[in-house]
Amino acid sequence: MDIYEELEKRGLVAQVTDKEEIKQLINGGGARFYIGFDPTADSLHVGHFMALCLMKRLQMAGNKPVVLLGGGTGYIGDPTGRTDMRSMLTPETIQKNCECFKKQMERFIEFGEDKALIVNNADWLLDLNYIDLLREVGACFTVNNMLRAECYKQRMEKGLSFLEFNYMIMQAYDFWHLSEKYGCNMQFGGDDQWSNMLAGTELIRKKSGKDAYAMTITLLLNSEGKKMGKTAKGAVWLDENKTSAYDFYQYWRNVDDADVMKCIKMLTFIPIDEIEQMEGWADNRINEKKEILAFELTKLVHGEEKAQKAQAMAKAAFGGGGELPEKHVNVEFKTIIPVLVAAGICSSNGEARRLIQQGGVSIGEEKVTDINAPVKSGDVIHKGKKVHIKIVIE
RNA sequence: GGGCGGAUUGCAGAGUGGCCAAAUGCAUCAGACUGUAAAUCUGACGUCUCCGACUUCGGUGGUUCGAAUCCACCUCCUCCCA
């Protein structure tokens, strides 16, 4: 099976500029494509992960990826899909974030001579001269067209700053620059980037008369239509210090029934015919599918060893036996309330108290009824049915 | 630059002198039912030394026995006119 067909079967293809041309290009390994990453945080998250997977898939098919770090566009902030303005990042933060991104990416993509490139648009955007840019690029766009772009619609009601309005121009400029300098002929991105990407292909056509292509990837939405990879505590990060391997595993272990197959298709590298087989499995094997999903993804992100460990801990926590996730705490009073707070299970004493009063906490097999119940090192605390932690008091 | 309106507890959004820790919806957490799923029902959802007390309604002052609510100034934002 060729790569394009595989992408389609996995449900990754959302919009393309020219299906036949693109098919030929990527199937033949002739694409030099880029994907942009905005350094808005110090770690990549699940949303980026899909883009990385896509890069890897295309790289395996012989295409050459270019990772574009938005060190320059980070100064502007993409207004797409936002209802308010993004807080402006300081140059130091952007710099730091870029470095974090780079490190994490190196685990997925092979960089190097004639392989994949990593570039930072700060290198060319920061030196641009305003007047030159207006003459060269500004002339190629009409405001009328830009305003029609879907990504600005929402913001037309709330207010869109001129700064953010220029994001599209910058992204188009990037594409053009990469096309000139590295022979980049294609751009991939999330489906919400479509209008920005089209601006790029158009600019290239106008400036150099060359054809360039764009393809968007389906956004990973859950059955409720919300972006996946968000939890109450925030995004699901790829950095282990921000989201532990165990929590990462649990996130996928707990996805809705309706979303399991979609996630397996879009995110894992399990061959498509195996996936098709899994689709035929009986309903009662749904949990098996979730385990596969969780394990495969944890393996990709954190490595096989940690994935195994996470899986073992999950099985211990929910099935019994084996090693449980541990939490080290340092408390003055060794009773249940301060321990719950110190372990980060509850955010305040009041919350802990309420939880106990509602019967949501147990130590070992015993349900806690006394808000002053003692806790000793090595006790296993359960909160609800999903949080099981072994407490180690230091 | 001129005019109007606005800023409320995670979000949305009521409240316009005491009955307000502040309606309602969403999100979240727990209990019941389950499959570490969904749906449904129940409860909780500012903080604390929790039958009580304390701190919150953009900021700073003021009026008042009493202010999220009234006044003044400041900051930010929407909209209308330029």
For this session: Name the closest nucleotide to the Lys290(A) side chain, picking from C50(B), U36(B), G35(B).
Result: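 The nucleotide sitting nearest to the side chain is G35(B).
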Heavy atoms under 4.0 Å, any strand shown: does [X] hit a base, just sugar-phosphate, or nothing?
{"X": "Arg253(A)", "result": "base"}
{"X": "Gly350(A)", "result": "base"}
{"X": "Ala314(A)", "result": "base"}
{"X": "Glu351(A)", "result": "nothing"}
{"X": "Lys386(A)", "result": "sugar-phosphate"}
{"X": "Lys383(A)", "result": "sugar-phosphate"}

For this session: Determine whether any donor atom in the side chain of Gln358(A) lies under 3.5 Å from an acceptor atom in the base of G31(B), or the reverse, and answer yes or no.
Result: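 For Gln358(A), whose side chain was compared with the base of G31(B), there is no donor-acceptor pair (under 3.5 Å).
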Exercise. Counting only distance, no hydrogens or angles, is the base of G35(B) paired donor-acceptor with the side chain of Asp257(A) under 3.5 Å?
Worked result: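 Yes, the side chain and the base share a sub-3.5 Å donor-acceptor pair.
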Watson-Crick or G-U wobble partner of [N], both distances under 3.5 Å:
{"N": "C76(B)", "value": "G6(B)"}
{"N": "A23(B)", "value": "none"}
{"N": "U63(B)", "value": "none"}
{"N": "U40(B)", "value": "A32(B)"}
{"N": "A82(B)", "value": "none"}

Rounded to whole angstroms, how far apart are [atom1] on [X] and [atom2] on [N]?
{"X": "Asp247(A)", "N": "U36(B)", "atom1": "CG", "atom2": "C1'", "result": "13 Å"}
{"X": "Lys367(A)", "N": "G31(B)", "atom1": "NZ", "atom2": "C1'", "result": "7 Å"}
{"X": "Tyr246(A)", "N": "U36(B)", "atom1": "OH", "atom2": "C1'", "result": "9 Å"}
{"X": "Ile292(A)", "N": "G35(B)", "atom1": "CD1", "atom2": "P", "result": "20 Å"}
{"X": "Asp259(A)", "N": "A39(B)", "atom1": "CG", "atom2": "C1'", "result": "15 Å"}
{"X": "Asn254(A)", "N": "A38(B)", "atom1": "CG", "atom2": "P", "result": "8 Å"}
{"X": "Ile345(A)", "N": "A30(B)", "atom1": "CD1", "atom2": "P", "result": "11 Å"}
{"X": "Gln357(A)", "N": "A44(B)", "atom1": "CD", "atom2": "C1'", "result": "10 Å"}

For a quick test of reading the model, state the closest non-hydrogen atom pair linking [X] to [Y] and the distance between them.
{"X": "Gly378(A)", "Y": "Lys390(A)", "answer": "O-CG, 3.9 Å"}
{"X": "Glu304(A)", "Y": "Lys299(A)", "answer": "CA-CG, 3.7 Å"}
{"X": "Phe175(A)", "Y": "Met186(A)", "answer": "CZ-C, 3.7 Å"}
{"X": "Ile393(A)", "Y": "Ser377(A)", "answer": "N-OG, 2.9 Å"}

Exercise. Only one of Lys103(A), Lys242(A), Gln104(A) forms a side-chain hydrogen bond (donor to acceptor under 3.5 Å, both in side chains) with Ser43(A), so which one is it?
Worked result: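 Testing each of Lys103(A), Lys242(A), Gln104(A) against Ser43(A), the sole residue satisfying side-chain hydrogen bond (donor to acceptor under 3.5 Å, both in side chains) is Gln104(A).
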[N] phosphate, OP1 or OP2, under 4.0 Å from [X] side-chain N/O:
{"X": "Asn287(A)", "N": "U36(B)", "answer": "no"}
{"X": "Ser348(A)", "N": "G46(B)", "answer": "no"}
{"X": "Arg354(A)", "N": "U47(B)", "answer": "yes"}
{"X": "Arg353(A)", "N": "U47(B)", "answer": "no"}

For this session: Using heavy atoms to find the nearest nucleotide of RNA chain B for Ser347(A) and Ile286(A) separately, return the residue whose nucleotide is more 5′.
Result: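 Result of the comparison: Ile286(A).
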Problem set entry | Along RNA chain B (nearest heavy atom to each residue), the more 5'-positioned of Asp283(A) and Leu355(A) |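 Of the two residues, Leu355(A) wins.
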Exercise. What is the ring orientation for His177(A) with Tyr173(A), classed by angle as parallel under 30°, tilted 30 to 60°, or perpendicular over 60°?
Worked result: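 Judged by the thresholds at 30° and 60°, the geometry between His177(A) and Tyr173(A) is parallel.
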Exercise. Any idea how His45(A) and His48(A) line up, ring-wise: parallel (<30°), tilted (30 to 60°), or perpendicular (>60°)?
Worked result: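 His45(A) vs His48(A) ring planes: tilted.
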